[in-house]
Protein chains: 2
Amino acid sequence: MSRVVAERPDVIATLAEVFREHGYDGASLSLITEKTGLGKGSLYHFFPGGKEEMAEAVLGDIASWFQTNIFEPLRNGETPATAIDDMFAAVDSYFRQGRRLCLMGVIAASGAHDRFSVDLNRYFADWRTALAEALGRRGIPESERQALAEEVIGGIQGALILARSLGEAEAFGRVLTRLKARCHSSQT
Amino acid sequence: MSRVVAERPDVIATLAEVFREHGYDGASLSLITEKTGLGKGSLYHFFPGGKEEMAEAVLGDIASWFQTNIFEPLRNGETPATAIDDMFAAVDSYFRQGRRLCLMGVIAASGAHDRFSVDLNRYFADWRTALAEALGRRGIPESERQALAEEVIGGIQGALILARSLGEAEAFGRVLTRLKARCHSSQT
DNA sequence: ACATGATTGTACCAATCGGTAAACATTTTA
DNA sequence: TAAAATGTTTACCGATTGGTACAATCATGT
C-alpha cells in the first residue's frame with residue numbers, strides 16, 4: 001500500500017505551481033527538477049513527451065477540476081442563484097484571494113499560447129457556456145447571457161493580473177464582489 | 001538628414017511586438033535579431049544592459065504613450081464623459097480590436113514580473129488614479145470611483161486574454177461596450 | 001527468494017541561451 | 001579633411017537549455 005516512490009499525480013500539483021510562478025518558458029527543467037525533487041529520469045518516465053507533456057497534464061488537471069467544481073454546479077446546481085454564488089466563492093478560494101494567478105491565463109499571455117490553444121479554448125468556452133446557462137435560469141435574457149458571462153470571466157482574469165501588478169491582492173476581492181452583483185441585478 | 005543606419009527609437013516598436021508575441025522569456029536574442037534585422041552588436045550598442053534594458057525601454061515607451069494619450073486626457077479632458085469615451089476608443093484602437101495583447105499584462109503574467117514590478121505597478125496605479133478622477137468629475141461618488149476603475153481596467157486586461165483564448169477578437173469589443181456603459185450609469 | 005516491472009541517478013548530448021570583444025564602416029562635427 | 005562619435009559585423013565565450021541512454025535500485029506478486 002505505502003509507496004516510497006513518487007506517482008504521476010503527486011507531481012502535477014507541484015508542476016502547476018512552477019508553471020504558474022515562472023510561465024512556460026521560464027519553467028526550466030532544472031527548476032522543475034529542483035521544485036519537484038525528481039530527477040530528469042523520473043520526470044521523463046512520467047512524462048515521456050517532456051516539458052510539453054508536463055504542461056498538458058497540468059492543464060488537463062486544472063480543466064477537470066474546474067469541470068467538477070465550477071462548471072458542473074453551474075449547469076446542475078439546485079438554484080442558479082446559489083450556483084453562481086458558489087462559483088464566486090470557489091473562484092476566490094481557488095485563486096487564493098487574488099494571490100495566485102490562473103495558469104490558463106498565464107499560458108494564454110505567453111509565447112507558448114498556440115501550443116496549448118485547444119486547452120485554452122475549451123476552458124474558457126466551457127466556462128462561458130456554463131455560466132451563461134446558469135444566468136439564463138436566473139432570468140437573464142438570452143441576448144444578455146453570453147455577454148455578461150464574458151464580462152465576468154474576463155473580469156476575473158484581469159483582476160488577477162491587476163491585483164498582482166498593483167501588489168494589492170484585495171483588489172481581486174473588490175472586483176469579484178462587483179461581478180457577483182452584476183450577475184444578481186437581472187437587467188443591464 | 002537622411003540616416004541609413006538605425007536609431008534607437010526605431011527599434012523599440014519592433015521589440016515591443018516581439019515581447020508581446022513571445023513573452024519575455026520566449027523572446028530570445030536570436031529572435032530579436034531576426035525580427036529587428038539588427039545584429040547583436042547593434043542591439044548591445046543601443047541597449048548595453050541587454051535584454052532587460054530592451055524590455056525596460058519598451059515598457060517606458062508604452063507607459064509614456066498611455067500617459068499622453070489616455071491618462072492625461074482623463075485628468076484634463078474638457079468634459080469627463082467624453083474623456084472616458086475617448087479612453088475606450090483609444091484602448092480599442094491600441095489593442096487592435098482585441099487582436100493585440102497588453103505587454104504590461106503579458107509581463108505581469110510571466111515569470112519576469114518581479115523584474116519589472118515597478119513599471120507594472122506605476123502603469124496600473126496611474127491608470128486607476130486617472131480613471132477614478134474622471135469618474136469623480138462625472139459624479140460617481142468617492143466610495144465608488146476606485147472600485148469601478150479597477151473593474152474597468154481589470155476588465156480590459158481580462159478581455160484581451162479571453163478574446164485571444166477563445167479566438168474571438170470580437171469578445172473584446174463586447175466587453176468594452178459593457179464597461180463603458182458601467183462608467184456612464186452613475187450609480188451601482 | 002526471485003523474477004518483474006516500475007522508478008530513479010548519473011553521465012552525456014547537440015543546440016541554444018544571453019552576453020562580450022574588438023575590428024570595421026559610416027556619419028557628424030570641427 | 002581629419003578626428004571623434006556613432007553604428008555594424010563577425011567570431012567567440014561559458015552556461016544552460018531540453019532531451020536521451022542506460023545501468024542501478026526499488027517494491028511487489030508469486
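The sequence lines fix the lettering, A, B, ..., with proteins before strands; numbering per chain opens at 1.
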Peer 1: Whole Å only: how far is the CG atom of A/L43 from the C1' atom of D/dT17?
Peer 2: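 After rounding, the reported distance stands at 15 Å.
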
Peer 1: Who pairs with A/F172 by ring pair (Phe, Tyr, Trp, His ring centres under 6.0 Å), at least two apart in sequence or on another chain?
Peer 2: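 Applying ring pair (Phe, Tyr, Trp, His ring centres under 6.0 Å) to A/F172 gives none.
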
Peer 1: What's the angle between the local helix axes at either end of the helix from C/dA1-D/dT30 to C/dA30-D/dT1, using five pairs per end and rounding to 10 degrees?
Peer 2: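 Result, rounded to 10 degrees: 20°.
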
Peer 1: Does C/dT7 have OP1 or OP2 under 4.0 Å away from a side-chain N or O of A/S42?
Peer 2: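 It does not, given that no N or O in the side chain of A/S42 lies less than 4.0 Å from OP1 or OP2 of C/dT7.
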
Peer 1: I need the CG-P distance between A/L38 and C/dG9, as an integer number of Å.
Peer 2: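 It works out to 7 Å between those atoms.
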
Peer 1: Filter on salt bridge (Lys or Arg N to Asp or Glu O under 4.0 Å), then keep only pairs touching residues 121-137 of chain A, sequence neighbours left out; what's left?
Peer 2: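 Pairs touching residues 121-137 of chain A that pass the test: A/R128-A/E150, A/R128-B/E168, A/E133-A/R137.
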
Peer 1: Does A/H45 place a side-chain N or O at less than 4.0 Å from the phosphate oxygens OP1/OP2 of C/dT7?
Peer 2: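 Result: yes.
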
Peer 1: Ring pair (Phe, Tyr, Trp, His ring centres under 6.0 Å) with A/F116: which residues, sequence neighbours excluded?
Peer 2: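 If we apply the ring pair (Phe, Tyr, Trp, His ring centres under 6.0 Å) test to A/F116, skipping adjacent residues, the hits are A/Y24.
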
Peer 1: Rounded off to whole Å, could you give me the CZ-to-C1' distance for the A/F47 and C/dA6 pair?
Peer 2: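 My rounded result for the distance is 15 Å.
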
Peer 1: Side-chain atoms of residues 52-63 of chain B: list all donor-acceptor pairs with protein atoms under 3.5 Å, sequence neighbours left out, distances to 0.1 Å.
Peer 2:
residue : atom : partner : partner atom : Å
B/E52   : OE1  : B/R115  : NH1          : 3.4
B/E53   : OE1  : B/G49   : N            : 2.5

Peer 1: Distances under 3.5 Å between protein N/O atoms and the N/O atoms of nucleotides 19-21 of chain C, please, pair by pair.
Peer 2:
residue : atom : partner : partner atom : Å
C/dG19  : OP2  : B/Y44   : OH           : 2.6
C/dG19  : OP2  : B/K51   : N            : 3.1
C/dG19  : O5'  : B/Y44   : OH           : 3.1
C/dG19  : N7   : B/K40   : NZ           : 3.2
C/dG19  : O6   : B/K40   : NZ           : 2.4

Peer 1: Whole angstroms only, please: what is the CZ-P distance between B/R115 and C/dG18?
Peer 2: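 Going from CZ in B/R115 over to P in C/dG18 covers 10 Å.
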
Peer 1: Could you tell me whether the side chain of A/K35 and the main chain of A/S30 form a donor-acceptor pair under 3.5 Å?
Peer 2: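 Looks like no, no N/O pair under 3.5 Å.
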
Peer 1: Test: side-chain hydrogen bond (donor to acceptor under 3.5 Å, both in side chains). Region: residues 70-82 of chain B. Which pairs qualify, not counting sequence neighbours?
Peer 2: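 Those involving residues 70-82 of chain B are B/Q67-B/R75, B/E72-B/R75, B/E72-B/N76, B/T79-B/T82.
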
Peer 1: Take the protein atom CG of B/L31 and the nucleotide atom P of C/dA15, then report the distance between them rounded to whole Å.
Peer 2: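 Result: 19 Å.
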
Peer 1: For residues 154-161 of chain A, which side-chain N or O atoms pair as donor and acceptor with protein atoms under 3.5 Å away, sequence neighbours left out?
Peer 2:
none

Peer 1: Scan side-chain atoms only and decide if A/D85 and A/H184 contain a donor-acceptor pair under the 3.5 Å cut-off.
Peer 2: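 There is such a pair between these side chains.
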
Peer 1: Starting at atom CZ of A/F46, determine the distance to atom P of D/dG19, rounded to an integer number of angstrom.
Peer 2: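 The distance from CZ of A/F46 to P of D/dG19 comes to 17 Å, rounded to the nearest Å.
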
Peer 1: B/E34 CD to C/dC17 C1': how many Å, rounded?
Peer 2: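 It is 16 Å, rounded to the nearest whole Å.
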
Peer 1: Give a yes/no answer on whether the side chain of B/S30 brings an N or O atom under 4.0 Å of OP1 or OP2 in C/dT16.
Peer 2: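 For B/S30, the contact criterion (side-chain N or O under 4.0 Å from OP1 or OP2 of C/dT16) is not met.
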
Peer 1: Output every pair passing side-chain hydrogen bond (donor to acceptor under 3.5 Å, both in side chains) with a member in residues 38-48 of chain A, not counting sequence neighbours, ordered by first then second residue.
Peer 2: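 Pairs touching residues 38-48 of chain A that pass the test: none.
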
